[in-house]
Amino acid sequence: MIRRSEIASILKEPKIGDQVTVMGWVRAFRNNRFIALNDGSTAGNLQIVVDPDQLPEEVLKQISFHACVKATGQLVESQGAGQSVEVVAETLEILGGNNLEQYPLQPKRQTMEFLRDKAHFRMRTNTFSSVFRVRHAIAYAVHKYYNDRGYYYLHTPIITGSDAEGAGEMFQVTTLPIGDPPRTEDGSINWKEDFFGKATNLTVSGQLQGEIGALALGKIYTFGPTFRAENSNTTRHLSEFWMIEPEVAFNDIEDNMDLAQDFVQYLINYVLENYLEDLEFLDQRIQQAEKNLPQDKRRPMGLIEMLRFVVDNDFERITYTEAINVLRRSKPFKKGKFEFEPQWGSDLQAEHERFLVEKHFKKPVIVRDYPKAFKAFYMRLNDQQEGVPGETVAAMDVLFPFIGEVIGGSQREDRYDVLLRRIEEMDIPEEELWWYLELRKFGGAPHSGFGLGFERMVQFITGMTNIRDVIPFPRAPKTAEF
RNA sequence: GCCUCAGUAGCUCAGCUGGUUAGAGCGGCGGACUGUUAAUCCGUAGGUCGUAGGUUCGAGCCCUACCUGAGGCGCCA
């Protein structure tokens, strides 16, 4: 059998005159003569030229949209304007015919909502194949970034016995019969009889275990699935998503912010350098879509232009207290345009974050030192600062245009007594965190880390507006098909 | 979970203040085409108008409930 050539390598280094065999799916069949073939290896198509007189009628008829074909022939310079090379087919074989009377996709612009219901076919479209190539590129770049810098990839558990992680509602994991679970004498469910001998859930974060790693290996990162049972119906939440969580011993909040910026810029840069063709396609796609929008609804910059801008400029860094001041001095506040009043002690609303990022600073913004009241128990309590009305913690959120919070992190509370006090203050069951507390008791160290929402990063880099379109098989409320 | 909007052909949509046989483009199917670029041209078949009730002489259009989807907000990554 002749070896298959991938279209990516043919287009990258075309060897004119070579005999090649290609296999792929038909994107278009024009003039009974020209096949635009795509095999997923690249955004580009390879044109296959067939002679309709040389092909059996039966084969010719089966060359149709998204049918799978194998073609062998000589690679020649193209006479047409749309491509530089093409294959003149000597043989053409149908590997998988397509029944267009029943096939849902069409060679035209389809809505994202429609394609979402056809997740088994949507990856064959230009848009989704580009999105998923870029998704892969970012995942690879994550590992490369940390490996090259001496971090260890730590696998934290997916099933967790702790419900004190403090990051929202959890999915319960159980093998007990849900209709008739064993009961204790007082009638409550007897979790001792469950598979693990206790109540267990799917993880909402690998951070607490990540800290165990950091306090031994120095620098670790996790990259795994994360589950939140929140009834979130937005374009930037999933019930099952992937999160990257670096955790670094001896890093303070400043180091943490440096890492966050450097890491994110690296990821974007990696895609710009290695998957520019896909980005160009996605960029054009957005510009096409925005043609119909009024000027003020359009993006201020093209996709690639924006990515380069983020790579080339430092993120703005401000404290929460400064952010509130900026907001209270802002035009929209004075004109009463905010639905919620920016006020020290209340969390920043989406409208506030968007103003800071998109209107005021016009670049990614890192907000730090939030009031302790609405942040997690494990964040390090700051010393009282002048001009700050209340107690704050060394938290930091990285805010991006369009998608908001991409990173949430902090310096961790490493002082045993302070941590214990906070756990008590917030009514968190101390006995579940015994090992977490012991990390502070026995050879503790200052350390910091953050969580990067992987899909949000993919969303930002691809410009996709709905997070469900950057994960192959989205899990969201009422959504678990495929 | 809350708010807003939407559900009419396979897809995207039009359908006037309620009034006869519900339209278009794309796609499909049949045909033409030896240099096409979302190819083009000719012809043709597709619809219990989201579901269930109700108002009315008469409902795609009005009312009620439910279902589904989208967007915004909250929760956060």
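The sequence lines fix the lettering, A, B, ..., with proteins before strands; numbering per chain opens at 1.
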(request) Classify the nucleic acid contact of A36(A) as base, sugar-phosphate or nothing, counting any heavy atom under 4.0 Å across all strands shown. (result) nothing
(message) Please determine whether a side-chain nitrogen or oxygen atom of N466(A) lies at a distance below 4.0 Å from atom OP1 or OP2 of G71(B).
(response) yes
(request) Answer yes or no: does a side-chain N or O of R354(A) lie under 4.0 Å from OP1 or OP2 of C73(B)? (result) yes
(request) Classify the nucleic acid contact of G80(A) as base, sugar-phosphate or nothing, counting any heavy atom under 4.0 Å across all strands shown. (result) base
(message) Please classify the nucleic acid contact of T235(A) as base, sugar-phosphate, or nothing, using heavy-atom distances under 4.0 Å.
(response) sugar-phosphate
(message) Looking at U36(B), I'd like to know if its phosphate oxygens (OP1 or OP2) sit under 4.0 Å from a side-chain N or O belonging to N31(A).
(response) no
(request) Identify whether any heavy atom of R27(A) sits under 4.0 Å from a base atom; if not, whether one sits that close to sugar-phosphate; answer base, sugar-phosphate or nothing. (result) nothing
(message) Looking at G28(B), I'd like to know if its phosphate oxygens (OP1 or OP2) sit under 4.0 Å from a side-chain N or O belonging to Q106(A).
(response) no
(message) Taking any heavy-atom pair under 4.0 Å as a contact, classify T226(A): base, sugar-phosphate, or nothing.
(response) nothing
(message) Need one value for F241(A): base, sugar-phosphate or nothing, where a base atom within 4.0 Å counts as base even if backbone is also close, heavy atoms only.
(response) base
(request) Check every strand shown and say whether E101(A) touches a base, only sugar-phosphate, or nothing at a heavy-atom separation below 4.0 Å. (result) sugar-phosphate
(message) Would you say R30(A) places a side-chain N or O within less than 4.0 Å of OP1 or OP2 belonging to A39(B)?
(response) yes
